[in-house]
Amino acid sequence: METVRLSSKGQIVIPKAIRDQLHLQAGAEFFVSASALGVSLVPAQAFPVTTPAALRGALAKPGGKLPDEEAIKANIKSRLKARNAP
């Protein structure tokens with residue numbers, strides 16, 4: 001565990017060894033929270049944002065045809081309609 005000092009501007013420096021270990025770069029953003037134990041910093045983007053388009057075909061069989069976006073939307077719409085039907 002390393003010790004850091006709070007500056008007069010409210011800034012702290014994250015030690016280089018920790019920045020390297022966590023692959024933190026200049027400009028990284030953090031969520032800051034206070035608890036009974038102290039202050040916590042959590043990187044704002046711990047994981048890259050995943051979009052539905054990035055997942056399209058993730059479970060497809062090799063050589064299989066991927067559905068287009070309109071077919072996916074239609075399938076979701078029909079399933080929701082069936083699930084919410086009285």
Q) Out of curiosity, does Leu6 fall in the hydrophobic cluster containing Val13 (side-chain heavy atoms, cut-off under 4.5 Å, transitive links)? A)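 They do not share one cluster, since no chain of ILVMFWY contacts under 4.5 Å joins Val13 to Leu6.
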Q) Can Val42 be reached from Ile18 by stepping across I, L, V, M, F, W or Y side chains whose heavy atoms are under 4.5 Å apart? A)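 Different clusters: Ile18 never reaches Val42 through Ile, Leu, Val, Met, Phe, Trp or Tyr contacts under 4.5 Å.
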Q. Does Gln11 CD have over 12 foreign heavy atoms under 6.0 Å away?
A.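 Correct, the count exceeds 12.
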Q. In Å and rounded to the nearest 0.5 Å, what is the NE2 to CD distance from His23 to Gln25?
A.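 These two atoms lie 9.5 Å from each other.
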Q: Drop me the distance from Lys73's NZ to Asp68's CG, to the nearest 0.5 angstrom.
A: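 Output value for this atom pair is 10.0 Å.
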Q: Please answer whether the main-chain N or O of Ile12 pairs with a side-chain N or O of Arg5 as donor and acceptor at a distance below 3.5 Å.
A: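 Not a single qualifying donor-acceptor pair exists.
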Q.
Please check: side-chain N/O of Asn75 versus main-chain N/O of Ala71, any donor-acceptor pairing under 3.5 Å?
A.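 No; judged by distance alone, with no hydrogens or angles, the pair does not exist.
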**Q.** Minimum side-chain heavy-atom gap Pro43-Leu22 below 4.5 Å
**A.**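 The answer is no, as the side chains (C-beta and beyond) never meet within the 4.5 Å cut-off.
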Q: Report yes if the side chains of Leu41 and Val32 come closer than 4.5 Å at any heavy-atom pair, otherwise no.
A: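 With C-beta onward as the side chain, the pair touches.
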